[in-house]
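Numbering starts at 1 and runs along the sequence shown. The structure presented is a predicted model; accordingly, all values stated were derived computationally and were not measured.
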Amino acid sequence: SWQARSARSPHVRSVLRGLARDESRHADLAWAVAAWAEPQLDPDARARVTNARRAAFDRLRATEREAPRPAELVRELGYPCPTHATALVEAFFGECSARFA
């Protein structure tokens, strides 16, 4: 969604808007499956899922902090700068944490 708003080319923004809609639907389905499945797990399995989710976010945070962002890709494809990318990851982590608190 960020890139769909930020890319320079109207054509690229249009393509990315379609991709963002599709990915949002996939995410909604994944959340629904997780909300259904997790209550059926025993406490140890739920803890493993929670730990795996946290580890995945830690890896994503590290990737966003360390990922090179050539100015041309930021400008042309609307990639978020490291500050914005980190804020997006943190907002997503907050949403995920709230869903499974």
Side-chain angles (χ1 to χ4, degrees):
S1 293
W2 178 279
Q3 287 179 258
R5 290 187 304 272
S6 303
R8 179 181 275 187
S9 162
H11 176 70
V12 171
R13 287 193 308 270
S14 175
V15 169
L16 291 172
R17 271 192 302 276
L19 288 170
R21 277 191 301 272
D22 287 346
E23 292 304 321
S24 290
R25 285 192 298 265
H26 297 155
D28 288 342
L29 176 60
W31 287 122
V33 169
W36 170 82
E38 287 193 30
Q40 299 181 57
L41 299 174
D42 65 52
D44 288 338
R46 266 195 306 276
R48 287 192 304 274
V49 169
T50 297
N51 291 337
R53 189 178 288 127
R54 285 188 183 128
F57 274 109
D58 289 344
R59 286 190 304 274
L60 184 57
R61 283 183 184 115
T63 298
E64 289 308 319
R65 279 192 304 272
E66 299 164 7
R69 299 245 176 11
E72 183 177 353
L73 292 181
V74 171
R75 184 177 56 253
E76 296 299 324
L77 299 180
Y79 278 25
C81 68
T83 300
H84 288 132
T86 300
L88 291 168
V89 169
E90 292 303 324
F92 184 60
F93 180 73
E95 178 183 336
C96 293
S97 296
R99 286 180 187 248
F100 294 100

>> Restricting to salt bridge (charged side-chain N to carboxylate O under 4.0 Å, His left out), what partner residues turn up for Arg59, sequence neighbours left out?
In response: none
> What distance separates Leu19 CG from Ser1 OG, expressed to the nearest 0.5 Å?
Replying inline: 10.5 Å
>> Once salt bridge (charged side-chain N to carboxylate O under 4.0 Å, His left out) is applied, do any residues pair with Asp44, and if so which ones, sequence neighbours excluded?
In response: none
> Got a sec, which residues hit side chain to side chain contact (heavy atoms under 4.5 Å, CB included) with Ala62, two or more places apart in sequence or on another chain?
Replying inline: Arg65, Glu66
>> According to side chain to side chain contact (heavy atoms under 4.5 Å, CB included), who are the partners of Glu23, at least two apart in sequence or on a separate chain?
In response: His26
>> Tell me every residue that passes side chain to side chain contact (heavy atoms under 4.5 Å, CB included) with Leu41, counting only those two or more places apart in sequence or in another chain.
In response: Glu38, Ala45, Arg46, Val49
Listing, residues 72-80 side-chain donor-acceptor contacts under 3.5 Å, not counting sequence neighbours, or none:
residue : atom : partner : partner atom : Å
Glu76   : OE2  : Arg8    : NH1          : 3.0

>> Would Arg25 and Asp28 count as a salt bridge (charged side-chain N to carboxylate O under 4.0 Å, His left out) here? Give the steps.
In response: CA-CA 5 Å; Arg25 285 192 298 265; Asp28 288 342; over 6 Å; no
> If you round to the nearest 0.5 Å, how far is OG1 of Thr63 from CZ of Arg61?
Replying inline: 11.5 Å
